[in-house]
Amino acid sequence: MPRRYEQLKTASLDEPKHESTRAPNRITSLRLGLSFILILVLASLTVIQIRPSTSGSKIIFGGSETLAGYDEDIKICASNIPPPARPPAPINPWASLTIDEMVVIQNWLLSTQMNLNLTRGDTARPSDNSIYMIQTYYPPKADVLEYFLSLDPRDAPARFARVTIHHGGAVEPVIRDYLIGPLPVTPATEMTHLANIYHTETLPYNARGYDALDWNLPEIHTKIAAPLMDAYKELLGGLPNGTIVAGGAGPFGFDGSFRRFWLNWQRDTPGFWLHPLNLWQYVDVSGTDTSKWDQLKIVYNHQVFDTADSFMDAFHNGTLKRVPPVTKQEEDLSWSTRERIGALRDLDNLPGPRSVSFAGLRFRVDYDLQYVSWMGWGLYLGFDRDMGLNLWDIRFRGERIIYEVIIHPGNDPYKSSTALLDSYFGMGQSVRDLLPGYDCPDEAIYLPATTFSATGIMSRKRAICIFEQDSGRPISRHLGFERSEFGAVKGYQLVIRSVATVGKPSPKFEYTFHVDGTIEVRVSASGYLLSGFWDDEQGAYGSKIWNTTLGSLHDHVINFKVDLDVGGTQNSLLKTSLSQEVTTQPWFDDDWGEEVIQQKITREYIDNEDEALLRFPANFQGGYTIVNTDETNKWGIPRGYAIHPGYSPVHNTVVGSKRLLKNANWARYNLAVSRRKDTEPSSSSMWNFNLPGAPPVDFHNFFDGENITQQDLVTWINVGMHHLVSLPSSISRIFFLTPFNYFDYDVSIESANAILLQPPKKPGDPFSYDDYNVRPAHCVPQPPAAFEYYPEQVYDLDGKPAPPSTVEEMRKASELYLPYLVYVPFRRLCSSVGTRETASLSRNL
């Protein structure tokens with residue numbers, strides 16, 4: 001199809017000529033006739049239809065293949081197929097494992113030759129040995145850079161998998177991570193204990209990965225739910241597996257010596273997170289002997305009971321202080337659905353604007369290698385169970401700027417008895433297919449992602465979307481009247497996006513690339529709120545958002561690992577401070593006096609890791625930059641990339657809580673800079689969630705007094721917010737990585753999507769201009785595809801497509817619960833023990 005399109009030309013209307021036999025009314029008749037014809041023309045224009053012809057090269061107007069008055073046919077726009085990319089290497093060293101690779105690794109581990117006594121995850125109990133996770137283990141950086149330098153296949157880094165096994169059948173049950181490789185599996189493949197990324201020698205079994213059997217075994221129903229059935233029905237208005245559901249508040253342990261959690265109940269209705277009920281049960285599921293699992297406490301309406309019998313005695317003898325009965329208004333639960341409400345707004349019945357690339361897509365994609373390039377940018381994509389989308393080998397104008405950007409999901413949210421580290425539940429595992437036209441524009445390109453779980457393998461076709469957008473504003477502009485100083489450069493951007501639904505919130509992670517070398521990192525969240533049960537004592541801990549619903553105060557802090565390589569791997573940390581000074585100069589002897597108060601820049605290099613646990617200065621008077629002192633620009637200034645805070649550069653409010661004692665030390669700062677080590681791949685780990693007192697990864701251990709001058713550095717950057725819950729509740733957090741004397745000039749001026757104006761030679765003449773021959777293309781856009789949304793494809797542990805899931809099964813997979821007699825989805829964690837009084841009770845247990 002031709003890539004250039006002709007603009008529509010204005011059609012001419014020939015006025016018909018009529019003669020009248022009645023001379024006295026000739027002028028009037030002519031006017032009436034012309035008016036009638038004009039009305040017909042306008043009416044016909046309102047019903048004119050455009051549809052593509054079968055040839056794809058013409059459009060048909062009202063059944064005609066040509067448009068009267070046009071010199072040429074109008075073309076149909078090019079299809080939204082990106083041109084192929086040209087990656088710097090023929091492999092993606094960070095590619096996810098394929099389904100076949102996962103199945104082969106699993107079967108190899110299950111084989112008798114490995115002698116691991118494994119039970120398949122889909123039938124395993126806590127007392128069994130089972131595989132919990134299989135995913136790519138990223139290769140050492142030095143190996144990757146050596147390969148990229150030579151591109152010799154013999155230098156390609158070996159491929160390894162990380163496998164987590166729950167050794168519940170061992171004499172002393174433990175968790176272990178293993179490295180499996182090199183891949184593919186051959187007689188040379190080995191299994192070695194992966195321990196050098198952790199600061200503890202063992203991973204206690206009580207800190208094991210999420211297991212819905214913790215609260216869905218028959219023993220749990222017998223001890224916890226069955227004795228309270230009458231109370232559930234009368235006090236909460238329903239029964240488990242019917243009209244009420246429960247969830248557990250984490251963490252489930254402190255140092256590995258126990259595994260316990262609070263269960264709280266909610267109405268089972270759309271948006272159940274916003275319908276908490278005033279009953280909590282504290283449950284012990286420590287160890288692997290389920291006969292010893294038990295209920296330790298019951299809390300109802302600020303009253304504490306040590307046993308089910310004592311609670312039921314109070315329930316029956318009238319001494320229980322009951323919550324007032326539900327009113328008819330409270331019985332209407334429809335307020336928490338997502339159905340549209342309210343009057344239709346003016347013109348909202350019309351579809352809004354949509355973006356169309358009339359000349360075809362301007363970014364390139366290699367689907368097999370998951371490599372993307374655009375306007376001088378190029379990068380590989382990766383995806384894993386813990387973190388989801390990650391970016392690798394980001395280059396701009398042929399130079400590597402960043403080796404690695406990975407999100408490390410944080411304490412999100414945090415309440416008096418709840419401190420969630422989302423990597424435990426799997427940010428990548430929580431990703432589902434994006435909604436075309438809603439999560440991403442109509443012409444976005446989608447890439448898939450696959451993750452392994454203990455019970456099956458999940459593949460999403462639309463896990464990641466990529467699109468170019470017009471920001472609607474120039475990236476640079478100036479009005480001037482000297483030659484070549486008046487012009488503008490269009491602010492186009494490339495966006496890479498993924499969305500996870502982790503229980504209540506649906507965080508959206510996106511990376512935006514600008515033509516001036518800036519990278520914008522944004523996390524946005526919406527969905528359902530963190531809530532608790534409202535009563536009159538809760539005003540200091542949140543906001544009342546419904547009759548008995550408290551929007552609970554909490555913090556969101558999310559950590560990003562950014563491995564900047566500015567002019568190479570040897571970099572330094574520059575601190576810039578702004579202050580004021582009083583100065584005098586001989587020429588100040590004028591009407592204003594001899595002294596001037598002015599700003600002053602102070603630059604200093606931070607040489608030691610221990611001094612690189614940082615917070616932004618008051619009023620943001622200064623900042624931090626990663627520079628290469630051995631690489632300068634044309635003007636002799638060290639080249640660098642600055643870290644700029646965007647919306648809400650917060651750190652955690654609560655310090656010293658046992659639930660975040662050591663496992664989220666990174667959240668105490670705005671950013672930190674450390675020496676890069678392959679043994680420190682993450683600021684946290686999935687095991688940290690249940691081990692706040694003895695975390696396998698203690699972020700503070702990264703900082704051991706090492707020199708950070710001209711070393712390979714990693715910057716750990718936090719974004720978040722102090723969430724004072726209100727309605728509505730949508731939040732965004734941003735930071736920027738911007739060139740800091742990295743170039744010799746503003747490189748956005750290289751863009752041909754720009755205009756340069758010259759002043760008129762004669763007064764009253766228009767400005768002349770140069771648009772570099774890049775002019776708006778015009779064509780008939782392809783119609784948007786009809787909206788369709790299918791469930792993700794699930795494969796069994798043999799890699800075979802599983803039968804289509806029921807709605808209940810999809811809910812189970814999304815919320816990570818197993819249906820049994822007690823219906824308990826995992827992610828209903830955030831609604832428990834959020835009140836002041838109950839929180840104090842939990843602290844005393």
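Positions are given from 1, in the same order as the sequence printed here.
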Next on the checklist: For V185 and I105: C-alpha separation, side-chain torsions, deciding distance, then whether side-chain contact (heavy atoms from CB on, under 4.5 Å) applies.
Outcome noted: CA-CA 7 Å; V185 173; I105 293 168; 4.2 Å; yes
Next on the checklist: Assess the residue pair S373 and R395 against the criterion (side chain to side chain donor-acceptor pair (under 3.5 Å)); give the C-alpha distance rounded to whole Å, side-chain angles, the decisive distance to 0.1 Å, and a yes or no.
Outcome noted: CA-CA 9 Å; S373 63; R395 304 187 189 193; over 6 Å; no
Checklist entry - Can you check side chain to side chain donor-acceptor pair (under 3.5 Å) on W108 and T189, steps first, answer last? => result CA-CA 10 Å; W108 182 71; T189 300; over 6 Å; no
Next on the checklist: Between W716 and F560, is the ring-ring contact (aromatic ring centres under 6.0 Å, His included) condition met? List the steps.
Outcome noted: CA-CA 6 Å; W716 310 89; F560 286 84; over 10 Å; no
Checklist entry - Going through the checks in order, is the salt bridge (charged side-chain N to carboxylate O under 4.0 Å, His left out) test met by R362 and E468? => result CA-CA 8 Å; R362 302 197 312 158; E468 184 180 11; 2.4 Å; yes
Next on the checklist: Please determine whether salt bridge (charged side-chain N to carboxylate O under 4.0 Å, His left out) holds for the pair R676 and D563, giving the CA-CA distance in whole Å, both sets of side-chain angles, and the decisive distance to 0.1 Å.
Outcome noted: CA-CA 8 Å; R676 189 194 190 281; D563 181 1; 2.8 Å; yes
Item to check | Stepwise salt bridge (charged side-chain N to carboxylate O under 4.0 Å, His left out) test for E399 and R397 | outcome: CA-CA 6 Å; E399 290 187 279; R397 299 167 82 240; 5.4 Å; no
Next on the checklist: Applying side-chain contact (heavy atoms from CB on, under 4.5 Å) to L381 and N390, what does each step give before you reach the verdict?
Outcome noted: CA-CA 6 Å; L381 306 184; N390 42 75; over 6 Å; no
Item to check | N670/L614 under side-chain contact (heavy atoms from CB on, under 4.5 Å): CA gap, chis, key distance, verdict | outcome: CA-CA 6 Å; N670 293 126; L614 307 168; over 6 Å; no
Checklist entry - Please walk me through it: do K800 and D798 pass salt bridge (charged side-chain N to carboxylate O under 4.0 Å, His left out)? => result CA-CA 6 Å; K800 298 177 181 178; D798 295 318; 5.4 Å; no
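Residues Y789 and L435 have side chains in contact (heavy-atom distance under 4.5 Å, counting atoms from C-beta outward). The side-chain heavy atoms of I466 and F363, taken from C-beta on, include a pair separated by under 4.5 Å. Side-chain atoms of P139 and W94, non-hydrogen and from C-beta on, do get closer than 4.5 Å to each other. Side-chain contact between V372 and W377 is absent, with no heavy-atom pair separated by less than 4.5 Å. No side-chain heavy atom of L447 sits less than 4.5 Å from a side-chain heavy atom of K461. Contact annotation: the side chain of V566 never approaches that of V627 to less than 4.5 Å [non-hydrogen atoms, C-beta and beyond]. The closest side-chain heavy-atom distance from Q429 to Q135 is not below 4.5 Å. Between P87 and L369 the shortest side-chain heavy-atom distance falls below 4.5 Å.
Rounding to the nearest 0.5 angstrom, the gap separating the CD1 atom in I519 from the CD1 atom in I401 is 7.5 Å. Residue S430 holds its OG atom at 9.0 Å from CE of M458, rounded to the nearest 0.5 Å. To the nearest 0.5 Å, the span separating OG on S453 from CD1 on I131 amounts to 12.0 Å. Taking CD1 from I406 and CG from D384, the interatomic distance works out to 6.5 Å, rounded to the nearest 0.5 Å. How far CD1 of I402 is from CG of L379: 9.5 Å, rounded to the nearest 0.5 Å. Note that CD1 of I626 and CG of L713 are 5.5 Å apart. Values are rounded to the nearest 0.5 Å.
Heavy-atom minimum distance, G517 versus F396: CA-CE2, 3.5 Å. Shortest non-hydrogen contact noted between P436 and R462 is CG-NH1, 3.0 Å. Nearest heavy atoms, Q782 versus C77: NE2-O, 3.0 Å. Here the closest non-hydrogen pair linking V562 and F735 is CG2-CZ, 4.2 Å. Closest non-hydrogen pair, V356 versus P781, comes out as CG1-CB, 3.9 Å. Of all the heavy atoms in H514 and I475, the pair that sits closest is CB-CD1, 4.1 Å.
Side-chain atoms of Q370 never come within 3.5 Å of backbone atoms of N92 as a donor-acceptor pair (strictly under, hydrogens ignored). Looking only at distances, a side-chain donor or acceptor of T136 sits under 3.5 Å from a matching main-chain atom of L97. Counting only distance, with no hydrogens or angles, the side chain of S682 and the backbone of S685 share no donor-acceptor pair below 3.5 Å. Of the possible polar contacts, none joining the D439 side chain to the L434 backbone as a donor-acceptor pair under 3.5 Å is found. Counting only distance, with no hydrogens or angles, the side chain of N741 and the backbone of R639 share no donor-acceptor pair below 3.5 Å. A donor-acceptor pair is defined here as one N or O able to donate and one able to accept, closer than 3.5 Å; such a pair exists between the side chain of N628 and the backbone of G567. Checking side-chain atoms of R86 against main-chain N and O of P84 turns up no donor-acceptor pair under 3.5 Å. Judged purely by atom type and a 3.5 angstrom limit, N753 has no side-chain atom pairing as donor or acceptor with the backbone of Y492. Under the 3.5 Å distance criterion, the side-chain polar atoms of R460 are matched with a main-chain donor or acceptor of V431.
Residue pairs meeting the ring pair (Phe, Tyr, Trp, His ring centres under 6.0 Å) criterion with at least one partner in residues 430-467, sequence neighbours excluded, are Y438-F787.
Between the side chains of N559 and N718, at least one donor N or O sits under 3.5 Å from an acceptor N or O. Remark: the S748 side chain and the D746 side chain contain an N/O donor-acceptor pair separated by less than 3.5 Å. No side-chain donor-acceptor contact under 3.5 Å links T455 and D122. Side-chain polar atoms of S524 and R733 form no donor-acceptor pair below 3.5 angstrom. A donor and an acceptor atom, one from each side chain of D516 and T518, are located under 3.5 Å apart. No side-chain donor-acceptor contact under 3.5 Å links S459 and Q793. For the 3.5 Å distance criterion, the side chains of E443 and S357 qualify, holding a donor opposite an acceptor. In the model, W687 has a side-chain atom that pairs as donor or acceptor with a side-chain atom of Y198 under 3.5 Å. Using modelled atom types, one finds a donor on one side chain and an acceptor on the other under 3.5 Å when comparing S150 with D155. In summary, the side chains of D678 and Y138 do not present any donor paired with an acceptor at a separation below 3.5 Å, with no hydrogens or angles considered.
Classification of K490 and D470 as a salt-bridged pair fails, no side-chain N sitting under 4.0 Å from a carboxylate O. Electrostatic pairing of E680 and K561 does not count as a salt bridge here, judged by no charged N lying under 4.0 Å from a carboxylate O. Taking 4.0 Å as the cut-off between side-chain N and carboxylate O, K141 and D565 count as a salt-bridged pair.
For the pair R162 and Y137, the cation does not sit on the ring face, since its NZ or CZ is not both under 6.0 Å from the ring centre and inside 45° of the axis.
Between F699 and Y669, the angle of the ring planes lies from 30° to 60°, which puts this pair in the tilted group.
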